[in-house]
Amino acid sequence: MAGNIFGTAVYYDADCNLNALKGKKITVLGYGSQGHAHALNLKDNGMDVTVGLREGSKSWQAAQAAGLPVKTTADAVKGADVVMVLIPDELQAETYEKDIAPNLKQGVYLAFAHGFNIHYKKIVPPADANIFMVAPKGPGHLVRRTFTEGSGVPSLVAVEQDPAGDTMEVAKAWAAGIGAGRAGILETTYRQETETDLFGEQAVLCGGVCALMQAGFETLVEAGYNPVNAYFEAIHEMKLIVDLIYEGGFQTMRNSISNTAEYGDYVTGPKIITDDTKAAMKNILADVQSGAFADEFLADYKGGFKKLYAEREKAANHECEKVGAELRGLMSWLKK
Ligand code: NAD
Ligand code: MG
């Protein structure tokens, strides 16, 4: 049943009513990571789901083969009661202007899985539209797989505009419909979801952690150690540590490591993550809050993603990736 942790409302299946969606004409735009999972899970829950895609999209066949009706983006929006936008964040604003906005029906429920475009006002929907978010805290393939296994991925829900007065009920029904009510549906706001998501992926999860692992690898290799040892110690073993933290927090992890490792953890961590690092994190957060990061990202997209593609290529050619690829080739247990 519904609960509350640290001021956040948490809902489960028993707190959600799928009837808030049943009978409504539902459109899912995009059939990628999130799109296929939302569309299929809702369909399996008896919902009337249509997928909207670009003409000639590679996903068109896949969605049809899964038994979903497919239309062009504009046609799929026409007449739909609920439209969930699951296309890449950088494409949403132009797609909204061209194909979504001109076809939205009065009083539509318009939804997103990430707050980016609404929060930074790259999309400004009409006042009669009901705006909600269902943001699964995991990739789409996991949203689909856990659903078919009888569980789900915890998800955030938020409501930004509510002229109809029942938008949170619709959002909770959507979240439960994709399986999140089995795991936990946490209520948040567009601002909170967007800013914490961007900060987390940049400062910690993706940017911070990858840069830390790569610097550790480089330090060992530059000091003359074998790249294989360096890869194991600085990169590969990260998963083992993270799995323990995921299971039981830092204490469970520290219970499992040696006293030597635990002692080193306490005395060395603060030498790596210093006051300067915290100051850098605060600057990163300020750029997320001001929208400067969002604008920089969209400017790179508009210029053909020069920065994104150059960085992607540079990262792919780093020595650590070559060492890792060879090592994984030797690890029979990784090839299920
Ligand atoms: P994706 O790149 O996996 O898939 C995007 C899909 O959109 C593709 O099927 C593409 O063909 C389609 N598409 C592109 N332009 C289109 C158009 N004009 N009309 C219709 N379809 C179009 O994207 P994703 O990772 O599923 O991300 C979708 C949204 O979900 C984003 O807002 C993202 O922030 C959010 N999200 C993603 C994850 C994740 O783990 N991938 C997690 C939570 C939230
Ligand atoms: Mg994220």
Side-chain angles (χ1 to χ4, degrees), residues 26-42 49-66 68-78 80 83-104 110-120 122-123 131-147 152-158 160 171 174-175 178-180 183 185-186 188 190 192-202 205-206 288 293-294 297-298 301 305 308 312:
I26 295 171
T27 282
V28 172
L29 297 180
Y31 199 71
S33 175
Q34 290 295 328
H36 89 287
H38 290 236
L40 292 173
N41 293 3
L42 290 174
V49 184
T50 297
V51 171
L53 289 172
R54 284 168 300 189
E55 201 107 40
S57 162
K58 280 182 288 179
S59 307
W60 198 291
Q61 299 292 332
Q64 265 182 346
L68 288 156
V70 185
K71 295 180 177 172
T72 62
T73 307
D75 283 343
V77 172
K78 277 178 204 153
V83 176
M84 173 62 89
V85 183
L86 296 178
I87 69 181
D89 295 311
E90 68 274 15
L91 300 183
Q92 289 182 10
E94 61 192 49
T95 305
Y96 178 81
E97 291 306 323
K98 185 168 151 282
D99 292 323
I100 302 176
N103 298 303
L104 284 178
L110 180 65
F112 299 82
H114 178 32
F116 192 97
N117 283 282
I118 292 289
H119 178 59
Y120 294 118
K122 307 304 173 192
I123 290 176
I131 308 297
F132 72 88
M133 169 178 11
V134 175
K137 291 287 94 184
H141 74 265
L142 205 63
V143 174
R144 179 58 183 161
R145 200 189 77 211
T146 52
F147 178 87
V153 170
S155 299
L156 304 178
V157 290
E160 181 79 4
W174 188 289
I178 64 167
I185 299 167
L186 297 100
T188 186
Y190 263 74
Q192 181 134 227
E193 186 276 340
T194 306
E195 295 178 357
T196 59
D197 186 78
L198 292 177
F199 174 81
E201 64 202 17
Q202 292 173 34
L205 304 175
C206 309
V288 165
F293 170 80
F297 170 67
L298 292 173
Y301 161 67
F305 268 150
L308 178 69
R312 188 180 286 173

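The structure displayed is predicted, hence computed values, not measured ones. Counting starts at 1 for both ligands and their atoms, following the listed order.
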Heavy-atom contacts with Ser59 under 4.0 Å: which atoms of ligand 1 show up? List them by number with element.
9 (O)
Is there at least one pair of N or O atoms, one from Asp99 and one from ligand 1, spaced under 3.5 Å apart?
no
Check each of Ala37, Pro136, Gly115 against atom 43 (C) of ligand 1 and report the one with the nearest heavy atom.
Pro136
Show which atoms of ligand 1 fall inside a sub-4.0 Å distance from at least one heavy-atom site of Gly32.
3 (O), 4 (O), 6 (C), 8 (C), 9 (O)
Check ligand 1 against Ala113 and write out every atom of the ligand that is under 4.0 Å from a heavy-atom position of the residue.
30 (O), 35 (C), 44 (C)
Taking every heavy atom of Pro154 against every heavy atom of Leu186, the minimum-distance pair comes out as CB-CD1, 4.5 Å
Distance check, rounded to the nearest 0.5 Å: Gln34 atom CD versus Ile178 atom CD1?
7.0 Å
Per atom 23 (O) of ligand 1, closest listed option by heavy atom (Leu91, Ile100, Leu86):
Leu86
Hey, what do you get for CG (Leu110) to OG1 (Thr27), rounding to the nearest 0.5 Å?
11.0 Å
Please report the closest heavy-atom contact between Pro136 and Ala113, naming both atoms and the distance.
CD-CB, 4.4 Å
Test side chain to side chain contact (heavy atoms under 4.5 Å, CB included), reference Val28, set Ile87, Val49, Leu40, output is Val49
Of all the heavy atoms in Gly52, does at least one lie under 4.0 Å from an atom in ligand 1?
yes
Mark up the atoms of ligand 1 that fall under 4.0 Å of a heavy atom belonging to His114, in ascending order.
32 (O), 34 (O)
Which of the numbered atoms in ligand 1 are under 4.0 angstrom from any heavy atom belonging to Pro139?
40 (O)
Pick from Gly30, Ala74, Ala62, Pro88: the one approaching atom 5 (C) of ligand 1 most closely through a non-hydrogen atom:
Pro88
Who's closest to atom 34 (O) of ligand 1 heavy-atom-wise, of Asn117, Leu142, Asp89?
Asp89
For ligand 1, which atoms have a heavy atom of Thr73 less than 4.0 angstrom away?
17 (C), 19 (N), 20 (C)
Looking only at heavy atoms of Gln92, does any of them come nearer than 4.0 Å to an atom of ligand 1?
yes
Between the NE2 atom in His38 and the CD1 atom in Ile26, the distance rounded to the nearest 0.5 Å is 12.0 Å
Do any N or O atoms from the side chain of Asn117 and from the backbone of Asp89 form a donor-acceptor pair under 3.5 angstrom?
yes
What I want to check is whether the side chains of His119 and Glu193 have a donor and an acceptor closer together than 3.5 Å.
no
Full working for ring-ring contact (aromatic ring centres under 6.0 Å, His included) between Phe132 and Tyr190:
CA-CA 9 Å; Phe132 72 88; Tyr190 263 74; 9.1 Å; no
Enumerated ligand 1 atoms positioned under 4.0 Å from heavy atoms of Tyr31
6 (C), 9 (O)
For ligand 1 and Gly35, I'd like to know whether there is a polar contact (N/O to N/O, distance under 3.5 Å).
no
Look at the aromatic rings of His36 and Tyr31 and report parallel, tilted or perpendicular, splitting at 30° and 60°.
perpendicular
